[in-house]
Protein chains: 2
Amino acid sequence: MLTDRQLLILQILIDEYIQNAEPLGSRSISKRQDITFSSATIRNELADLEDMGFIEKTHSSSGRIPSEKGYRFYVDNLLSPVQLQHHDMAKIQSLFHEKMYELELLIEHSANLLSEITNYTSIILGPEMYETKLKHLQIVPISKGTAIFVLITDTGHVEKYTVDLPDEMDAADIERTVNILNDRLKGVPFSHLRLKLQQEVQGLLRTHTENYKQTLDFLAQLFQTEKSDKVYYGGKTNILNQPEFQDVNKVKDLYNAIEKQDLVQRLLHQDGTSGIKVKIGAENTIQEMKNCSLITASYSIGGQHMGTLAILGPTRMEYPRVIGLLDLLSKDLTKVLTQRYYSN
Amino acid sequence: MLTDRQLLILQILIDEYIQNAEPLGSRSISKRQDITFSSATIRNELADLEDMGFIEKTHSSSGRIPSEKGYRFYVDNLLSPVQLQHHDMAKIQSLFHEKMYELELLIEHSANLLSEITNYTSIILGPEMYETKLKHLQIVPISKGTAIFVLITDTGHVEKYTVDLPDEMDAADIERTVNILNDRLKGVPFSHLRLKLQQEVQGLLRTHTENYKQTLDFLAQLFQTEKSDKVYYGGKTNILNQPEFQDVNKVKDLYNAIEKQDLVQRLLHQDGTSGIKVKIGAENTIQEMKNCSLITASYSIGGQHMGTLAILGPTRMEYPRVIGLLDLLSKDLTKVLTQRYYSN
DNA sequence: GTTAGCACTCTGTCTGTTTGAGTGCTAATT
DNA sequence: AATTAGCACTCAAACAGACAGAGTGCTAAC
């Protein structure tokens, strides 16, 4: 479809525009060393590329900038994988070499690292509890009618719910219940908890507790709430460095959008579980992101999808670098997590 | 020091400037219905007020705006307490009437409410764990060499630490240790945990556990970390609505400053434990806040300081309204929390 | 097919002008 | 003695015109 020369010109134009955020004219292109033909020729080519919809003008006599279609083509066909800088590699290494106990902390640091290296905003979703296994469970009454229900997973995650405690349940009942639950549910993945509860625990409770009915109601309450995955952000203020976000109102709209966690959760969820996905401009379903691109990669533990890494930046984003980075980090993260939480 | 007329003029000037964010001239002031004298007279008074440092010009022939000294005087002497709007009162009421289990959630909602009512940014510090009492404690090994240490307080707060687990400690040791700790430390305020540990628990451990020395080392580890109070934010993007923050760079500096949690913690901590404090412009120790005012109020449980509510806005802030609101909310919060966590 | 040349377009900047809101000062008025 | 009217003056903001510069598209020559 496109001639080699058109490909070259398109590549140069997008590369340069990503660097400088300024429309590029035929003359500037012709001045480059890797260009042997004149600006007039380039003008003709640019006109053709514009006809095909890959580039556009900001006004009738301006230079050209890439269109969304242009970026799409660039990402799909022109991407030259770029080697990460040494010091960035080093940062990633040191992230994993620190003795980082908490999974949450590791994720949080990853978010910060991503934004630091890219100078864009990072968003990380997860880790999902769905396939993690219950390690221990506790019910602690803290006042009349109220108790804290604590679940601890094999990934070291602690999940907490405040729940109603029926008047009829006394300390002995609670203890018995907790013991039965721990006995029967330890090692069970979160996704199977409810099933297991029905199959095995109900019967035991009937025979061992005083107030069978209340206890059962109580338990139903415990396991009904579905906590949504946590969202971690890094470098939110990096958005303000971009020339396309010098207008405070645009910033405000975008901030308000990305702070709606449920929206972001859905957005990062929908891209499935493998590979790197790039959403350019209007490809994003969220209105306020129409001037942004979102690049996502997923990480997992032992083949089980755990969450999503994402970078949010202007459509004029350094795609090669970001894609390379996300690819590397998601794989490293998967490796480290699998090693840590899957082997034993 | 100031004549009644000067007081009146200063009050009008600041009130109007807070409303409109525009320099006020003698003619606009003279046009008001509560003003009986001419613009020339006002000009003279304005000149005097300027000489005294309460107001200033933006350029040689502009109207006047309040200086920081002017705001200070206004806050200290001219503040007419303002009645909150009915619908705002209603919002506060409904905040407390919801069946809000989690203390953290209540605080989070309070932050959102504050920013919603004021249209400024809210910051809430706390609640402090210092005087809350231990309700239950658990050690859960999750992999070789690592365990989760969970503390539950009487306010329903769950605190989690990931800790090294000595090889020598086996399940029986852990269970004995946990039982001893729960037995001896239940009901003890966090501030006394370490002392109590030394006084009572050490001896018991020596007689009841296999690997006394390792266990002790382990425990020392558990109780050494001091978690700092959590910081809750509400309405961060409200800053972008203010005309004084239309410049993206100013916004960036401010955002970067308020996202440094340790800084903010110190800032909100230092204002002591009672009453409402107003910091205007350069009175804030943080450079980036020199165009902002910070109003703080503290909340407590049963007389024990728990945390701080704060509103951050431009120096041109609606002081009367914000002060009234903070006063009300901090008292209500104190009342509700005391009732919920102190009575039993 | 490529390129030189040229007329044309649009933005951004600079300059000068005007308008309006404000001031300070002085002299007249109450 | 305090107040006010009047006036010269100042500055910012808005506007208009001129101009330079970077770009385009098109035509004709190479």
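Residue numbers start from 1 in every chain, and the chains themselves are labelled A, B, ... in the order their sequence lines are given, proteins ahead of strands.
The nearest whole Å value for the distance from the CZ atom in B:Arg5 to the C1' atom in D:dT4 is 11 Å. The distance from atom CD of A:Glu56 to atom P of C:dC10 is 17 Å, rounded to the nearest whole Å. Going from atom CD1 of A:Ile35 over to atom C1' of C:dT2 covers 15 Å, rounded to whole Å. Separating the CD atom of A:Glu45 from the C1' atom of C:dG1 is a distance of 11 Å, rounded to the nearest angstrom.
Checking the phosphate oxygens (OP1, OP2) of D:dT4, a side-chain nitrogen or oxygen of B:Thr41 falls inside 4.0 Å.
Residues A:Asp48 and A:Leu2 form no side-chain contact, since every pair of their non-hydrogen atoms from C-beta on lies 4.5 Å or further apart. Counting heavy atoms from C-beta on, the side chains of B:Ser67 and B:Ile55 never come closer than 4.5 Å. Counting heavy atoms from C-beta outward, A:Gln265 and A:Val231 have side chains that approach closer than 4.5 Å.
Panel note: side chain B:Arg321, backbone B:Ile117; a donor-acceptor pair is recorded below 3.5 Å. In this structure, the side chain of B:Tyr120 engages the main chain of B:Glu318 through a donor-acceptor pair within 3.5 Å.
Of the residues near DNA chain D, B:Thr36 and B:Thr58, the one whose nearest nucleotide (by heavy atom distance) lies more toward the 5' end is B:Thr36.
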Nucleotides 19-30 of chain C: protein proximity per nucleotide (B base, S sugar-phosphate only, - neither; heavy atom, under 4.0 Å): ---BBB------
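For A:Asn256, the side chain to side chain contact (heavy atoms under 4.5 Å, CB included) partners at least two apart in sequence or on another chain are A:Lys252, B:Thr237.
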